Q: 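Quick one: structure below, then a few questions.
Lettering follows sequence order; numbering is per chain, from 1. Keep in mind the model is a prediction, meaning the values are calculated, not measured.
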Protein chains: 4
Amino acid sequence: MAQRSRSVPRKKPRQERSRATVDAILEAAAHILVAHGFEDTTTRQVAERAGVSIGSLYQYFPSKEALITALFERQIQRVLDVCTEALQSQGSPSTQQVVRDVALGVMKAYAVNPRLHQVLISEGLKLGMMERVQSFEQRIETVVRTFMLHYSSQLRSRRVELATFVITRAIRGIIWSAAIERPELFEDPELADELGELMLGYLLPTSPSRSAK
Amino acid sequence: MAQRSRSVPRKKPRQERSRATVDAILEAAAHILVAHGFEDTTTRQVAERAGVSIGSLYQYFPSKEALITALFERQIQRVLDVCTEALQSQGSPSTQQVVRDVALGVMKAYAVNPRLHQVLISEGLKLGMMERVQSFEQRIETVVRTFMLHYSSQLRSRRVELATFVITRAIRGIIWSAAIERPELFEDPELADELGELMLGYLLPTSPSRSAK
Amino acid sequence: MAQRSRSVPRKKPRQERSRATVDAILEAAAHILVAHGFEDTTTRQVAERAGVSIGSLYQYFPSKEALITALFERQIQRVLDVCTEALQSQGSPSTQQVVRDVALGVMKAYAVNPRLHQVLISEGLKLGMMERVQSFEQRIETVVRTFMLHYSSQLRSRRVELATFVITRAIRGIIWSAAIERPELFEDPELADELGELMLGYLLPTSPSRSAK
Amino acid sequence: MAQRSRSVPRKKPRQERSRATVDAILEAAAHILVAHGFEDTTTRQVAERAGVSIGSLYQYFPSKEALITALFERQIQRVLDVCTEALQSQGSPSTQQVVRDVALGVMKAYAVNPRLHQVLISEGLKLGMMERVQSFEQRIETVVRTFMLHYSSQLRSRRVELATFVITRAIRGIIWSAAIERPELFEDPELADELGELMLGYLLPTSPSRSAK
DNA sequence: GATGAATGAGTTTTCATTCAT
DNA sequence: TATGAATGAAAACTCATTCAT
C-alpha cells in the first residue's frame, strides 16, 4: 500500500484503449497549454479536446499537476533525444564543423516545440519542480559540455562550465523568442548561420584583431 | 462619450496622494508578481500589501489587466532609460569598446528586475498584448540597432536587423536564465566578460582562422 | 413482473464461489466502514480489499446502499443471536442473577462490533431506513422485554416498555462511548460490574432508603 | 502575518451586517446538518438557506470544516452553560434531591439540540477533532464529577471517575435515542423520572436487598 | 473618495455506476 | 461471468469585481 505521490501517473495503462486515451490527453494538453498558458488551461478543456470525459482524465492523471509533469517528462525525453543524436559526431571534423555542430545541436534541441518547452519550464518552476527543471536543462548542458571537452584543445580556453551555460541559454533565448515573436525566422536558413557565427566567435581561439584589448 | 478601454487607467492621479497610492499599488503588484507569478497574484493581495482597500485599487485600475498593463509601461520606461543611457557613447571609442558597450548596455537593460520583465512579457502575451510586447522589445532593438548602424563600418557586415534580434535575445536569454537558475552569477564579473566575448566574436570582422570555412 | 427494489441483493448466490465472494465483500465493507466512516468508504476501495473487481461488486450489490443494507442485516442477525442466547436463562436464578443477566446480555449484544453498529445505525437513518433501524433495535428490545416480563414479579413495578427503552439505550450509550472514547474500558471487568449495578438499582424493588422521596 | 489555521474563522466580523451574515450561516448550517447529516450538507445549500452567496460563506468560514468547528464551539458553550447552571445547587438538599439534580442537569445538557450534538460529536471525531470532542465531553464530566465529589459521603463508594463516565454516557445514550427514535418521549414527564431512578439506584448506598449478592 | 461585505461564475477533483470486451 | 475503462453529476472552494455605506 505504497503511498503514491500526487505528481505521478495514477496507473499504467495496460490495454490498448488506455494507451490511446493517455496519448490523446497528453496531446490535447500540449496543444492547449501552448495556446492558452498553464492557468488558462482547464482540465475540462483538455478532456474535451482529447475527446474523453473528465473522469477519464483523472483516472490517468490524479491532478492537473500530474498531467503537466507527465507532459514534461515526454518533452524532456524528446529534447534530449534530439540533442544527443545531433551531437553524435563521428570522424574527425574540422574545428569549425565541431562548433557548428554544437550550435546546430542545441538549436535543434530547443526547437522541439519551443513554446511548450517554455511553458513547461516556467510552470515547472512554479510547481516546485525547480530540481526537475534544473536537472532537465543540466542534462542538455551535460551533453554539450561533454562534447566541448572532447574538442577542448581546439577551443579557446575558458571556464567550460560557464561557457556551456552561456551557450545553451543564449541559443535557448533566441529560439524561444523566435518561436514567439518571429516564427517566420524558423524558415530562414540565415538564422542557423547566425547561430553558428555566434558560437564560432565565442568558442574559437581569439583572433589577432581581438587579442589587443 | 467615448467608451473607455478596460485596459487603461481609469483616471490620472491629479493629486499627490493619488500618485502615492498608485505607486504603492504598482510596487506591491511588482513584488507579488515576482514572488508568486501572475495567476497566484490576487488583487486582494496587492491591495493589502499596498495598504489600501480593494475598492481603492479598483478606483485606480479598472481591472487586473489594467494593473498589469500599467506595470508593463513602467517597466518599459525603466528598461529603455537604462539601455539608452548606457548606449550614449561619446568620444571615439575603439571598436572593441563599442562592442563591449553594446553587450553591457543590453545586459544592463535586461537586468532591470529580470524576473518581473519575464513575467510581464509572458503575461503580456497571454493578455493579447502581443503588439505591446513586440513594440516594447522592438524599442530596445531600435536603440541597439541605431547604435550598431553608427559603427557599422567597423563591424562585420551582416543583416543588421537579424543581428540585432540575435544579440538582444541571446543576452536576454542568458540574463533571464541567470536570474532564475543561477542568481549567484550576477555577482560573478566573468559573466559580463563572457557576454562581451560572445558579442565581440559575433560582431567583429571575421578572424583569419575563421575565414577558411 | 415486480420491480426489484434497489436496496435488495440483485441475486442470491447459488454457488459456493458466489457465497465466498459476497462474504469477502461484506467483510471488506465492514472493515473499511469502521475504519473510514460511511462517506469515506468508496465502492472501489471495498472491491479492492475484497479482491474482486468493481464490476463484480455491482454484480452482487446493485448499489452502495444495497451493500450497506446487506451488512446491516448481517449485523442485526449477529447481535440478535448474541442477545437471545445470553438471555436463554434456565433454572430459577436469583433476582440479582436475572438482572445481571439482562445487563450482561444487552451489553454483549451491543458489544458485537459496536463501531460498525453505530455507523450502520447512523447511516441507516440517513438512508431513510428509519423503519429498519427501529425494527432492529425493537427486536433487541423485544428479547429484553420478554425476559423482563418473565421475571416481572421480582422487579420493581413500572412501565416495562419504557424501562426497556431506558435500559437498552443506556447500555448502548455506554458501550458505544467506551468503544470510541475509552476502548481500554473493554478490558476492565469493572465496567461490566458497573453496568450490573446500574441495572440492579434501576430494576430491583425500591430500597428503604429510597422510598422516602 | 501569522499563519491562520484552516479550521478557524477567517476574520472577525466588525460590522453589524457581517455579524448577521455569520449568524444566518451558522443557523442554516445547524438546521441542514441535523436534517441531512454532515456529508449531505453542502456548503451551497447552507449558503442558500442562509440567504447569502457561497462567496460570503467562504469569506467567514474558510472551509466546510471551519464552519462545523464554529458550530461546535457554539454548541459546546450552550450545553455547558445549561449543565453548569443546572448543577449550581444551593442550600442543603436531601441526598435524593442531589442525585435527581445530577440526573436532571446531565439530561438537560444533552437535551440541547441533541441531534445536532450527536452529529457534531460524530463528525468531530472524523475531522480529527478527537481532542476537542474529548475535552468537550470531559468538561461536562468535570462539572458532574465535581458535583458528585461534593456529596460523595452520601453516595455509594465507587470509582468516581468511572461512575461519571457511566452516568454521562448512559444519559446521553438515552437522550440521543429518544431524540431520534422516540421524540414524543421528550413530552413524557416519566422519562425524567426514570432517569432519576436510574441514577438513584446507581449512586445511592447499596440497599439491603442488594447487599446479598 | 475610501471601505470591505457581498457576489457568483468558473475551477479542480471525486466517486457511484455502467457497459464493452 | 468477470473485468476495469469510461462516464458525468456534483461538491468544495477561489477570486475578480461591484456597490451600499
Side-chain angles (χ1 to χ4, degrees), chain A residues 6 11 13-22 39-47 51-67, chain B residues 6 11 15 17-18 21 39-48 52-67, chain C residues 6 11 15 17-18 21 39-48 52-67, chain D residues 6 11 13-22 39-47 51-67:
Chain A
R6 274 227 129 197
K11 61 176 171 182
R14 295 262 163 68
Q15 302 175 1
E16 267 319 300
R17 188 154 60 128
S18 296
R19 180 169 302 282
T21 301
V22 166
E39 304 291 343
D40 290 350
T41 295
T42 68
T43 52
R44 195 168 291 279
Q45 254 180 315
V46 172
V52 303
S53 72
I54 184 63
S56 289
L57 188 154
Y58 276 89
Q59 195 129 47
Y60 295 105
F61 305 98
S63 69
K64 190 179 174 184
E65 189 184 327
L67 177 59
Chain B
R6 275 230 126 194
K11 63 179 181 181
Q15 297 148 11
R17 188 149 67 111
S18 294
T21 302
E39 305 292 343
D40 291 350
T41 296
T42 67
T43 52
R44 190 168 297 277
Q45 256 181 310
V46 171
E48 215 158 275
V52 302
S53 72
I54 184 65
S56 291
L57 187 152
Y58 274 86
Q59 204 113 43
Y60 292 107
F61 303 97
S63 70
K64 191 179 177 184
E65 191 183 326
L67 177 59
Chain C
R6 273 230 127 194
K11 63 177 181 181
Q15 295 147 11
R17 187 149 69 111
S18 294
T21 302
E39 304 293 341
D40 291 349
T41 295
T42 67
T43 51
R44 190 169 296 276
Q45 257 179 310
V46 171
E48 216 157 275
V52 302
S53 72
I54 184 65
S56 291
L57 187 153
Y58 273 86
Q59 203 113 43
Y60 292 108
F61 303 96
S63 70
K64 190 179 178 185
E65 193 184 324
L67 177 59
Chain D
R6 274 229 128 195
K11 62 177 171 182
R14 294 263 163 69
Q15 303 176 1
E16 266 320 299
R17 188 155 57 130
S18 295
R19 179 168 303 282
T21 300
V22 166
E39 305 291 346
D40 291 350
T41 296
T42 69
T43 52
R44 196 167 290 278
Q45 253 181 316
V46 171
V52 303
S53 72
I54 185 65
S56 289
L57 188 155
Y58 277 91
Q59 196 129 47
Y60 295 106
F61 305 97
S63 69
K64 191 180 174 183
E65 190 184 325
L67 178 59

Q: Could you check which of dA2(F), dA5(E), dA5(F) has an atom nearest any side-chain atom of Y60(C)?
A: dA2(F)
Q: Once you round it to whole Å, what is the distance between P of dG8(E) and CG of L57(D)?
A: 14 Å
Q: Between S53(A) and dG8(F), is there a contact of a side-chain N or O with OP1 or OP2 at under 4.0 Å?
A: no
Q: Looking at I54(A), V52(A), L67(A), which hits side-chain contact (heavy atoms from CB on, under 4.5 Å) with V46(A)?
A: L67(A)
Q: Could you tell me whether the phosphate oxygens of dA2(F), OP1 or OP2, come under 4.0 Å of any side-chain nitrogen or oxygen in Q59(C)?
A: yes
Q: What is the distance, rounded to the nearest whole Å, between atom CZ of R44(A) and atom P of dA11(F)?
A: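 For the pair R44(A) CZ and dA11(F) P, the rounded distance is 14 Å.
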Q: Whole angstrom is fine here: how far is it from NZ in K64(A) over to P in dT14(E)?
A: 15 Å
Q: For S56(D) and for V52(C), locate the closest nucleotide of DNA chain F by heavy-atom distance; then report the residue assigned to the nucleotide nearer the 5' terminus.
A: V52(C)
Q: Can you give me the closest heavy-atom contact between D40(C) and Q45(C), atom names plus distance?
A: O-OE1, 3.0 Å
Q: Quickly work out the E48(C) CD to dC15(E) P distance and round it to whole Å.
A: 13 Å
Q: When rounded to the nearest 0.5 angstrom, what is the spacing between OG1 in T42(C) and CD in E48(C)?
A: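 Between T42(C) OG1 and E48(C) CD, I get 8.0 Å after rounding to 0.5 Å.
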Q: Is dA9(E) paired to anything, Watson-Crick or G-U wobble with both distances less than 3.5 Å, and if yes, which nucleotide?
A: dT14(F)
Q: Between E39(D) and G55(B), which has a closest nucleotide on DNA chain F that is more 5'?
A: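 On the 5' side of the pair lies E39(D).
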Q: Tell me what T21(C) touches on the nucleic acid: a base, only sugar-phosphate, or nothing, going by heavy atoms under 4.0 Å.
A: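 The answer is nothing, as T21(C) stays clear of every strand by at least 4.0 Å.
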Q: Taking all non-hydrogen atoms of both residues into account, name the closest pair between S18(B) and Y60(B) and its distance.
A: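 Result for this residue pair: OG-OH, 3.2 Å.
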Q: Starting at CZ of F61(A) and ending at P of dA5(F), how long is that distance when rounded to a whole Å?
A: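 Computing the F61(A):CZ to dA5(F):P distance gives 14 Å.
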Q: Report the base-pairing partner of dT21(E) (Watson-Crick or G-U wobble, both distances below 3.5 angstrom), or none.
A: dA2(F)
Q: It should be established whether Y58(A) places a side-chain nitrogen or oxygen under 4.0 Å from OP1 or OP2 of nucleotide dC15(E).
A: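 Negative; the distance criterion is not met.
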Q: Report the distance from atom CG of L67(C) to atom P of dA16(E), rounded to the nearest whole Å.
A: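 After rounding, the reported distance stands at 10 Å.
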Q: E65(B) has an atom CD; how far is it from atom C1' of dC15(F), in whole Å?
A: 16 Å
Q: Output yes when at least one side-chain N/O atom of T43(B) is less than 4.0 Å from OP1 or OP2 of dA16(F), else no.
A: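 Affirmative; the distance criterion is met.
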Q: So which heavy atom on F61(C) is nearest to which on A66(C), and how close?
A: CD2-O, 4.1 Å
Q: Using a 4.0 Å heavy-atom cut-off, does T42(B) contact any base of the nucleic acid, only the sugar-phosphate backbone, or nothing at all?
A: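 It contacts sugar-phosphate atoms only.
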Q: Taking the minimum atom-to-atom distance to the side chain of I54(C), which one of dT17(E), dT13(E), dT17(F) wins?
A: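 Looking only at side-chain atoms, I54(C) lies closest to dT17(E).
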